[in-house]
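Quick notes on the structure that follows.
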Amino acid sequence: MSIPNAKTVSFSKTTITELMIPSYANFGGKIHGGILLSLIDKVAYACASKHAANYCVTVSVDNVDFLEPVEVGDLVHLRASVVHVGNSSLVVGISVIAENVKEGSVKKTNNSYVTMVAKGDDDKPTQVPALILESQEEVRLFLEAIKRKELKKDFRSKIKEVSAVIMDQAHEELLEHERCILDLKNFTL
Ligand SMILES: CCCCCCCCCCCCCCCC(=O)SCCNC(=O)CCNC(=O)[C@H](O)C(C)(C)COP(=O)(O)OP(=O)(O)OC[C@H]1O[C@@H](n2cnc3c(N)ncnc32)[C@H](O)[C@@H]1OP(=O)(O)O
């Protein structure tokens, strides 16, 4: 099947490398999570806007787990590629790797998926080019992104249901073995 303007995954593959300077560190001497999140957003934007050939906005960031601390002096490599496209949305997969050049060691610190939406000159969502999948891995990632989208939708509706009825249950019993103290005597509606 041929779709006009379709683009390969490799067309927009983007890598950013950033040196972790002392001003990026927190009080514990490790790199702030917010710095890494900002870099994730930056590389996701670069990759998505290249595929879309349009301005893109971030709508959702999934799976942000900080697996290992990042040190001052590390080189952080962020590798981004489009794993899925919808109509106006794109999912960008990002892997973050910290390299200690002195020791010659590398560690994986984050693996995230960012959903971005392309916007046209009218500031409305606009269609993005289709994605040409050239390997089994690209097919796997595309299918996985569809599944993740479905699971997220289910989760959202389930959490809505739970939250609507949660206070109807005997919460004293549910909280019995939790590390919290109920002290509602001063509470007024
Ligand atoms: C040292 C420190 C330095 C700091 C230095 C910083 C540097 C780092 C900067 C780098 C540069 C980056 C730059 C990025 C750009 C921004 O940062 S943007 C700012 C943050 N994001 C925003 O403001 C977006 C706000 N949201 C919106 O405007 C609207 O929700 C949107 C995105 C236009 C969507 O509107 P809508 O009415 O839901 O539109 P709708 O047509 O229903 O949906 C459009 C698509 O979005 C999808 N969608 C909607 N909501 C969701 C959702 N929650 N999840 C998934 N998909 C969704 C729909 O499924 C649909 O997909 P398609 O079927 O078209 O594929």
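The closest side-chain heavy-atom distance from S60 to M116 is not below 4.5 Å. Between Y113 and V92 the shortest side-chain heavy-atom distance does not fall below 4.5 Å. Within the 4.5 Å cutoff, the side chain of I97 has no heavy atoms near those of the T109 side chain. Looking at K152 and D62, their side chains come closer than 4.5 Å, going by heavy atoms from C-beta outward. N111 is not listed as a side-chain neighbour of D65, based on a closest heavy-atom distance of 4.5 Å or more. V114 is listed as a side-chain neighbour of I94, based on a closest heavy-atom distance under 4.5 Å.
The backbone N or O of H51 sits less than 3.5 Å from a side-chain atom of K7, completing a donor-acceptor pair. Remark: side-chain polar atoms of S49 are paired, donor with acceptor, to backbone N or O of Y45 under 3.5 angstrom. In this structure a side-chain-to-backbone donor-acceptor pair under 3.5 Å is present from T14 to S12.
Taking a cutoff of 4.0 Å between a charged side-chain nitrogen and a carboxylate oxygen, K30 and E71 qualify as a salt bridge. The pair D183-K185 counts as a salt bridge, with a side-chain nitrogen and a carboxylate oxygen less than 4.0 angstrom apart. Using a 4.0 Å cut-off between charged nitrogen and carboxylate oxygen, E144 and K147 do not count as a salt-bridge pair.
Expressed to the nearest 0.5 Å, how far CG of L78 lies from CG of L36 amounts to 7.5 Å.
Sparse packing is recorded around CG of D121, with 12 or fewer heavy atoms of other residues, nucleotides or ligands lying under 6.0 Å away. Within a 6.0 Å radius of CD in E150, other residues, nucleotides and ligands contribute more than 12 heavy atoms.
In this structure, H84 has its ring center under 6.0 Å from that of F142.
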Checklist entry - Are K119 and S88 close enough, and set up right, to give a side-chain hydrogen bond (donor to acceptor under 3.5 Å, both in side chains), and what steps lead you there? => result CA-CA 8 Å; K119 287 199 170 181; S88 65; over 6 Å; no

